[in-house]
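Let me begin by presenting the structure, written as structure tokens, before commenting on it.
Naming convention: chains lettered A, B, ... in sequence-line order (proteins, then strands); numbering from 1 in each chain. Quick note: numbers below take in every heavy atom, side chains included, and nothing from hydrogens, waters or symmetry partners.
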Number of protein chains: 2
Amino acid sequence: MLRNEVSKKLGIDIETIRFYEKENLISKPERLENGYRSYSKENLVELKFIQHCRSLGVSIEEVRTLKDIQNLSTDCSQANLIIEKNLDLIEQKIEDLKNLRVQLKSLSESCFKTGAAKDCGIVKSLAQAAQGEDCVCHS
Amino acid sequence: MLRNEVSKKLGIDIETIRFYEKENLISKPERLENGYRSYSKENLVELKFIQHCRSLGVSIEEVRTLKDIQNLSTDCSQANLIIEKNLDLIEQKIEDLKNLRVQLKSLSESCFKTGAAKDCGIVKSLAQAAQGEDCVCHS
DNA sequence: CTTTGACCCTGTATCTACTACAGAGCTTAG
DNA sequence: CTAAGCTCTGTAGTAGATACAGGGTCAAAG
Ligand SMILES: [Zn+2]
Ligand SMILES: [Zn+2]
Ligand SMILES: [Zn+2]
Ligand SMILES: [Zn+2]
């Protein structure tokens, strides 16, 4: 299978596939006589593995570890650790984003859409915060 | 004020301050005879402005725009647009992360901590998904 | 037979927002 | 005088792609 076909089939960008190869995340595909890469079924499985992990927010380095576990390890503790770590990370991110949302909403609501910058709560709050004064977003 | 003092006072890393200067986000600080930067009160306000915006998740480019609005514009519509855009983006991110959380939880719960990789739901699901089969996280 | 268009190749640059040096000079305390 | 602790500049690295430039190859159409 040529890379364009693989790309379309899996929905992974051509350059991304090349990137994964450069990172040694997949075994090097065979080459045809003309030098073109020919992706094997195994290559496709490897690519899907990465794609699936990435869709779960697992980092490239962690994908590497998970691959090794599949191939070498008889023990799943490290895999479990990766999932738990990412779970914690995501909980934290959600919390942070929720706080951010509250702040941005306050700002948003302080703009009365009159159009005049000097009456705008957003513009005002940003200027005030820069002076060390109060702002609607951090109160 | 020398950069170390500024850094400590505002809680912005020294290198980050230099980075903001290189990006022309602050006006160039005066130099002492020995070439050392001397940060003015205005510099501090500029830095706080950036810090405050960044804490709201506003990008460097958007900070630039917001700065221009403060200085030039009589109209707040662009500022409002930036806030709204970020709000939408954050809502989307929260949604995505919540979905991710569900998926990772499913995975996490499928690991029975026996320690054996071949009994581990995580290891299994990752392998199965790579083969195009079902996984606990995407069901 | 040639040309056109769609592929493929490699290598390198770009993106965001920092962060981390290396190698040098200045300043101040002991 | 020396050593610690600042400061300076320039450059490289981070994650995970993404986007070329400049070239080769291949199949079909004219
Ligand atoms: Zn407004
Ligand atoms: Zn605020
Ligand atoms: Zn397990
Ligand atoms: Zn899954």
- Query: Looking at the side chain of I60(A), which of dA17(C), dC8(C), dA17(D) is the nearest nucleotide?
  - Reply: dA17(D)
Can you see if the side chain of [X] gets near the phosphate of [N] - specifically, an N or O under 4.0 Å from OP1 or OP2?
X	N	result
T16(B)	dA17(C)	no
S59(A)	dA15(D)	no
R18(B)	dT7(D)	no
R37(B)	dC8(D)	yes
R64(A)	dA15(D)	no

Within this structure, what is the [atom1]-to-[atom2] distance between [X] and [N], rounded to whole angstrom?
X	N	atom1	atom2	result
R3(B)	dC6(D)	CZ	P	11 Å
D13(B)	dC6(D)	CG	P	14 Å
N4(A)	dC9(C)	CG	P	10 Å
N34(B)	dT28(C)	CG	C1'	13 Å
E62(B)	dC15(C)	CD	C1'	15 Å
K22(B)	dA12(D)	NZ	P	12 Å
Q51(B)	dC18(C)	CD	C1'	14 Å
E21(B)	dT19(C)	CD	P	17 Å

- Task: Specify the residue among Y36(B) and E61(A) whose closest nucleotide of DNA chain D lies further upstream toward the 5′ end.
- Result: Y36(B)
- Query: So what is the end-to-end bend of the helix from dC1(C)-dG30(D) to dG30(C)-dC1(D), with 5 pairs used at each end and the value given to 10 degrees?
  - Reply: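 The angle, to the nearest 10 degrees, is 30°.
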- Query: Heavy atoms under 4.0 Å, any strand shown: does R31(A) hit a base, just sugar-phosphate, or nothing?
  - Reply: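 Result for R31(A) = sugar-phosphate.
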- For V136(B), does its backbone N or O pair with a side-chain atom of S125(B) as donor and acceptor, under 3.5 Å?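 Yes, S125(B) side chain to V136(B) backbone: donor-acceptor pair under 3.5 Å.
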- Specify the closest pair of heavy atoms between G11(A) and Q51(A), including all atoms of both residues, with the distance to one decimal.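 What the structure gives for the nearest pair is O-NE2, 3.9 Å.
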- Message: Please check if the number of heavy atoms outside D119(A) that lie under 6.0 Å from its CG is greater than 12.
- Response: yes
- Is atom CD of Q78(B) surrounded by more than 12 heavy atoms (other residues, nucleotides or ligands) closer than 6.0 Å?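 No, because the 6.0 Å sphere around CD of Q78(B) holds 12 heavy atoms or fewer from other groups.
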Within the 3.5 Å criterion, strictly below it, is a donor on [X] or [Y] matched to an acceptor on the partner's side chain?
X	Y	value
Q103(A)	N99(A)	no
N43(B)	S40(B)	yes
E62(B)	N86(B)	yes

- Message: Taking donor-acceptor contacts at under 3.5 Å, does the side chain of E15(B) reach the base of dC21(C)?
- Response: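 In this structure, the two groups form a donor-acceptor pair.
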- Query: Among I69(A), D68(A), V63(A), which one satisfies side-chain contact (heavy atoms from CB on, under 4.5 Å) with T65(A)?
  - Reply: I69(A)
- Find which nucleotide of DNA chain C each of V58(B) and S38(A) is nearest to by heavy atoms, and output the residue with the more 5' nucleotide.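 Taking each residue's closest nucleotide, the earlier one in sequence belongs to S38(A).
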